[in-house]
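Predicted model only: the values in this text are computed from it and were never measured.
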Amino acid sequence: MQDLRIGYGYDVHQLAEGEELWLGGILVPSSFGAVGHSDADVLLHVICDALFGARAMGDIGAHFPDTDPAYKGIDSKILLRETVAKVCTEGWGVVNVDATVCLERPKLRPHIDTMRACIADILGIPVDRVGVKATTTERLGFVGTGEGISAHAAVLLGR
């Protein structure tokens with residue numbers, strides 16, 4: 001029997017005018033973006049957390065603390081590559097990832113295929129093993145009022 005492990009990630013970032021909106025490794029055109037120590041790519045962050053969780057290795061903050069100036073403004077694609085290098089040892093590999101971004105606007109559908117391709121490339125898996133979805137919160141809560149963005153991800157590792 002194949003050894004399998006599932007991991008789950010959740011992340012939130014505040015939104016602010018004048019910031020860049022990085023999601024899934026790509027820059028999404030918008031007048032506002034996420035605030036964070038790195039480039040604040042909430043989608044790549046939850047995938048990192050899910051990967052670390054699947055191997056019981058803590059969370060993204062334990063590996064890339066926001067108190068470390070080395071990570072100030074860092075491209076989250078670098079963080080995901082380093083996460084994969086840390087997690088995919090001892091025969092472990094990513095089977096698939098499924099993620100959801102919660103954001104009222106802008107509409108993400110036009111960008112999702114590019115995000116999936118970027119994530120698949122970093123993870124070293126076929127694009128048909130990367131699911132990315134977007135949803136609103138029907139104007140409810142901090143996402144609905146435009147104050148923040150959140151994301152969820154599940155990953156399956158196998159060896």
Side-chain angles (χ1 to χ4, degrees), residues 6-54 58-69 71-84 87 94-157:
I6 191 166
Y8 171 78
Y10 174 72
D11 195 21
V12 170
H13 282 275
Q14 180 181 2
L15 294 174
E17 290 292 328
E19 297 287 335
E20 293 182 331
L21 183 59
W22 285 94
L23 287 172
I26 69 165
L27 182 60
V28 175
S30 177
S31 64
F32 60 87
V35 178
H37 185 70
S38 66
D39 64 5
D41 188 327
V42 69
L43 180 52
L44 295 189
H45 293 179
V46 296
I47 295 170
C48 289
D49 263 350
L51 287 164
F52 285 131
D59 61 23
I60 191 171
H63 294 269
F64 313 112
D66 64 5
T67 55
D68 188 335
Y71 303 115
K72 179 69 178 158
I74 195 167
D75 182 337
S76 292
K77 291 186 293 292
I78 295 169
L79 300 180
L80 183 54
R81 281 187 193 97
E82 290 186 20
T83 299
V84 169
V87 169
V94 179
V95 176
N96 77 305
V97 60
D98 186 35
T100 302
V101 178
C102 304
L103 181 69
E104 290 297 312
R105 63 178 180 88
K107 293 295 183 190
L108 299 181
R109 178 62 247 159
H111 310 286
I112 285 178
D113 290 340
T114 307
M115 291 178 200
R116 291 177 60 224
C118 180
I119 294 164
D121 182 60
I122 295 168
L123 297 178
I125 60 176
V127 72
D128 68 352
R129 292 185 182 189
V130 177
V132 174
K133 302 173 300 300
T135 190
T136 69
T137 59
E138 302 294 331
R139 297 184 306 251
L140 297 173
F142 66 88
V143 171
T145 61
E147 296 173 79
I149 182 173
S150 67
H152 305 261
V155 300
L156 182 64
L157 298 181

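In this structure a side-chain-to-backbone donor-acceptor pair under 3.5 Å is missing from S30 to G33. A donor-acceptor distance shorter than 3.5 angstrom exists from the side chain of H37 to the backbone of D68, with no hydrogens or angles considered. At distances below 3.5 Å, not a single donor-acceptor pair connects side-chain atoms of E104 with backbone N or O atoms of T145. Side-chain atoms of H152 do not come within 3.5 Å of backbone N or O of Y10 as any donor-acceptor pair.
Atom CZ of residue R129 and atom CD1 of residue I119 lie 15.5 Å apart, to the nearest 0.5 angstrom. For the atom pair SG of C118 and NE2 of H111, the computed distance is 14.0 Å after rounding to the nearest 0.5 Å. Atom CG of L108 sits about 7.0 Å away from atom CD1 of I149, to the nearest 0.5 Å. In this structure, L79 CG and I74 CD1 are separated by 4.5 Å, a value rounded to the nearest 0.5 Å. For the atom pair CZ (F142) and OG (S150), the distance works out to 4.5 Å, reported to the nearest 0.5 Å. Atom CD1 of I47 sits about 10.0 Å away from atom OG1 of T83, to the nearest 0.5 Å.
Using a 4.5 Å heavy-atom threshold, the side chains of M115 and V28 count as touching. In this structure the side chain of L21 reaches within 4.5 angstrom of the side chain of P106, judged on heavy atoms.
Listed here is the closest heavy atom pair of I60 and D49: N-OD1, 2.6 Å. Residue L157 comes nearest to A54 through the heavy atom pair CD1-CB, 3.5 Å, listed as atom of the first residue, atom of the second, then distance. Of all heavy-atom pairs between A50 and A153, the closest is CB-O, 3.8 Å. Across every non-hydrogen atom of T137 and C102, the tightest pair is CG2-CB, 4.3 Å. Taking each heavy atom of V46 and L43 in turn, the nearest pair found is CG2-O, 3.1 Å. Scanning all heavy atoms of the two residues, the minimum distance from V42 to L23 falls at CG1-CD2, 3.6 Å.
If you run side-chain contact (heavy atoms from CB on, under 4.5 Å) between I125 and each of L123, I122, D128, V127, only L123 comes through. When each of D59, V12, D11 is checked for a side-chain contact (heavy atoms from CB on, under 4.5 Å) with H45, only D11 meets the rule. Among V94, I112, V97, the single residue meeting the side-chain contact (heavy atoms from CB on, under 4.5 Å) criterion with V130 is V97.
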Go through the steps to decide whether D39 and E20 satisfy the test side-chain contact (heavy atoms from CB on, under 4.5 Å), and finish with yes or no.
CA-CA 8 Å; D39 64 5; E20 293 182 331; over 6 Å; no
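Residue K133 qualifies as enclosed at atom NZ: its count of foreign heavy atoms under 6.0 Å is above 12.
Aromatic ring pairs are classed by plane angle as parallel below 30°, tilted from 30° to 60° and perpendicular above 60°; the pair F64 and Y71 is perpendicular.
Residues in residues 110-125 take part in these salt bridge (charged side-chain N to carboxylate O under 4.0 Å, His left out) pairs, two or more places apart or across chains: R109-D113, D113-R116.
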